[in-house]
Chemist: 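Please find one structure pasted underneath; my questions will follow.
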Protein chains: 2
Amino acid sequence: MSNQQYIKVLIADDQQVFRKGLSALLNEMPGIELLGEAGNGAELIEKSLLLKPNVIVTDIKMPILDGVSATRELLKHIPACKVIALSAYANDQLILQMLESGAIGYLLKSAEAIEIKEAIEMVNLHKPYFCKEITQKLTEIVAKNYKLPDKSTASFTERELEIIRLICNEFTSKEIAGQLHLSKRTVEGHRTRILEKIGAKSIAGIITYALSVGIYKNNR
Amino acid sequence: MSNQQYIKVLIADDQQVFRKGLSALLNEMPGIELLGEAGNGAELIEKSLLLKPNVIVTDIKMPILDGVSATRELLKHIPACKVIALSAYANDQLILQMLESGAIGYLLKSAEAIEIKEAIEMVNLHKPYFCKEITQKLTEIVAKNYKLPDKSTASFTERELEIIRLICNEFTSKEIAGQLHLSKRTVEGHRTRILEKIGAKSIAGIITYALSVGIYKNNR
DNA sequence: AAATTATTGGGTGTTTTCACGGTATTTTAT
DNA sequence: ATAAAATACCGTGAAAACACCCAATAATTT
């Protein structure tokens with residue numbers, strides 16, 4: 001029936017040459033219908049609302065309105081649209097911003113035609129697509145935030161970990177003492193040891209340490 | 001010179017049929033030398049120490065010692081070894097455990113020969129390799145845990161953000177006052193406002209909040 | 001022009017944190 | 001078996017945090 005034969009694509013990039021190159025490539029691809037081009041984020045939003053593309057391929061750095069902001073904005077109006085972000089290089093902040101904005105694809109500008117096609121087809125099925133470099137970055141980001149709890153946590157006793165978690169949850173020594181059925185002074189003693197071990201001088205240090213190392217989530 | 005022509009691979013899986021199938025496939029692949037097979041984690045450790053493989057492809061669920069534990073253990077002794085984990089399905093916990101154990105590759109058991117080969121070659125260069133499904137999961141995990149500064153950060157004034165960052169760095173009100181050339185009382189006033197806005201009752205709340213929404217970055 | 005918000009500063013007082021002393025029992029490791 | 005941790009507990013006191021109250025000036029918005 002209304003099963004769409006072509007994936008309707010809109011592209012955005014401030015560099016005219018790159019834009020022309022990309023549009024030429026996409027025009028040659030079977031199964032893809034290029035709806036148009038935009039030179040900045042504002043134009044992208046405008047044309048998107050008008051043309052209702054299935055997939056948008058957009059540069060991140062653009063004048064007037066960048067790709068991330070444009071994506072965030074236009075997905076409010078046409079959430080069915082799938083966005084692939086393009087960037088010259090893999091940057092942590094950009095990747096995270098992109099994820100947060102709602103884009104589900106990320107390619108480097110060095111990508112080849114076949115990969116771009118693959119990405120378009122993939123995201124059109126609502127499946128994320130990331131090029132190898134981005135995948136690697138994602139791994140690093142996840143590993144950085146999940147790997148740590150090990151060695152560092154090891155130096156604390158169970159009691160100490162328990163108290164650290166409670167401190168992170170805004171409980172005072174007195175409250176912690178009540179919860180654990182201990183004396184207030186005992187809890188203070190433990191906290192002193194914790195401060196020593198961490199090398200912190202206040203609970204601020206305890207918390208930044210605990211969060212950076214991954215204690216806190218009762219995980220294990 | 002001692003540039004190795006073959007990637008030496010060791011595999012582990014408790015299902016004999018799968019193991020045989022995998023070893024048959026790997027044996028046919030040019031550039032790969034299959035060193036042997038293991039039926040469980042303990043056996044994997046044993047043979048790894050003996051055979052010193054470049055790459056290990058191991059199932060996660062195995063009797064006696066599972067793949068994650070085995071990986072963690074054997075990487076202590078032969079850290080140069082690259083581990084690819086195999087699993088029947090993509091599970092958040094498994095992926096995180098795998099990352100934490102030190103494996104740098106993750107494939108589903110439904111993977112095809114060409115992908116397995118690609119993964120082996122990739123991890124052998126110390127580059128992570130994840131199949132599409134896992135990449136997708138990684139994306140979800142990252143997206144879930146990175147709620148970037150949004151509505152939350154926007155509600156703070158510049159001064160407040162400045163003070164939040166200093167609080168996160170273990171400075172007292174007096175110290176902050178000194179650094180910003182303000183009165184101690186002014187800083188305390190700002191902090192009170194910050195507590196109100198966040199709905200926290202102590203600096204513990206300020207810090208957990210700040211770290212969770214990503215204020216704090218410029219100082220590391 | 002008027003209202004709101006940001007930024008600055010103050011007073012008073014309670015609670016909490018933390019440094020500096022300790023002691024005693026239990027559990028774990030060598 | 002003996003040493004070493006871990007756990008529990010206490011006193012004192014200074015400094016910090018926090019809870020209330022308050023007001024003046026600058027900047028921004030309406």
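Just so it is clear, the structure is predicted and the values come from calculations on it, not from any experiment.
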Chemist: Report the distance from atom CD1 of B:I198 to atom C1' of D:dC18, rounded to the nearest whole Å.
Modeler: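 My rounded result for the distance is 14 Å.
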
Chemist: Would one find a side-chain N or O of A:H190 under 4.0 angstrom from OP1 or OP2 of D:dT7?
Modeler: no

Chemist: Before accepting this row, confirm whether a basic side-chain N of the pair A:E37/A:K20 lies closer than 4.0 Å to the acidic partner's carboxylate O.
Modeler: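 Yes, A:E37 and A:K20 are salt-bridged.
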
Chemist: Taking atom P of D:dC18 as reference, at what distance in whole Å does atom CD1 of B:I167 sit?
Modeler: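 B:I167 atom CD1 is separated from D:dC18 atom P by 8 Å.
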
Chemist: Find the distance B:I176:CD1 to D:dA15:C1' and express it as a whole number of Å.
Modeler: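 My rounded result for the distance is 15 Å.
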
Chemist: Side chain to side chain donor-acceptor pair (under 3.5 Å) with A:R185: which residues, sequence neighbours excluded?
Modeler: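 If we apply the side chain to side chain donor-acceptor pair (under 3.5 Å) test to A:R185, skipping adjacent residues, the hits are A:E188.
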
Chemist: Test of understanding: with side chain to side chain donor-acceptor pair (under 3.5 Å), list the residues that count as partners of B:D66, not counting sequence neighbours.
Modeler: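 Partners of B:D66 by the side chain to side chain donor-acceptor pair (under 3.5 Å) criterion, ordered by chain and then number, come out as B:S69.
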
Chemist: Quickly work out the A:I207 CD1 to D:dA17 P distance and round it to whole Å.
Modeler: 12 Å

Chemist: Got a sec, which residues hit side-chain contact (heavy atoms from CB on, under 4.5 Å) with B:I176, two or more places apart in sequence or on another chain?
Modeler: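 Testing B:I176 for side-chain contact (heavy atoms from CB on, under 4.5 Å), a comparison that skips the adjacent residues, returns B:I163, B:L166, B:I167, B:F171, B:L180, B:V187.
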
Chemist: Can you check whether A:A12's main-chain N or O pairs, donor with acceptor, with A:D59's side chain at less than 3.5 Å?
Modeler: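 No; judged by distance alone, with no hydrogens or angles, the pair does not exist.
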
Chemist: Test of understanding: with salt bridge (charged side-chain N to carboxylate O under 4.0 Å, His left out), list the residues that count as partners of A:E33, not counting sequence neighbours.
Modeler: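 By the salt bridge (charged side-chain N to carboxylate O under 4.0 Å, His left out) rule, A:E33 matches no residue at all.
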
Chemist: Using whole Å, what does the distance between atom C1' of nucleotide C:dT5 and atom CZ of B:R193 come to?
Modeler: 9 Å

Chemist: What string of B, S and - do you get for nucleotides 25-30 of chain D 5' to 3' if you count protein non-hydrogen atoms under 4.0 Å?
Modeler: ------

Chemist: Residues two or more places apart in sequence or in another chain: which of them pass side-chain contact (heavy atoms from CB on, under 4.5 Å) with B:K201?
Modeler: A:E170, A:E175

Chemist: Considering residues at least two apart in sequence or located in another chain, which fulfil the salt bridge (charged side-chain N to carboxylate O under 4.0 Å, His left out) criterion with B:K184?
Modeler: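 Result, salt bridge (charged side-chain N to carboxylate O under 4.0 Å, His left out) vs B:K184: none returned.
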
Chemist: Taking only residues two or more places apart in sequence or in another chain, which ones pass side chain to side chain donor-acceptor pair (under 3.5 Å) with A:T186?
Modeler: none

Chemist: Could you list the residues that satisfy side chain to side chain donor-acceptor pair (under 3.5 Å) with B:H126, not counting sequence neighbours?
Modeler: none

Chemist: Let me check the geometry of the helix from C:dA1-D:dT30 to C:dA29-D:dT2. What is the bend angle between the axes at its two ends, five pairs each, to 10°?
Modeler: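 One end axis against the other gives 70°.
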
Chemist: Let me have a per-nucleotide readout for nucleotides 9-18 of chain C, 5' to 3', with B, S or -, counting only protein heavy atoms under 4.0 Å.
Modeler: BBBB---SBB

Chemist: Using the side-chain contact (heavy atoms from CB on, under 4.5 Å) criterion, which residues pair with A:E73? Sequence neighbours excluded.
Modeler: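 If we apply the side-chain contact (heavy atoms from CB on, under 4.5 Å) test to A:E73, skipping adjacent residues, the hits are A:I45, A:K76, A:H77.
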
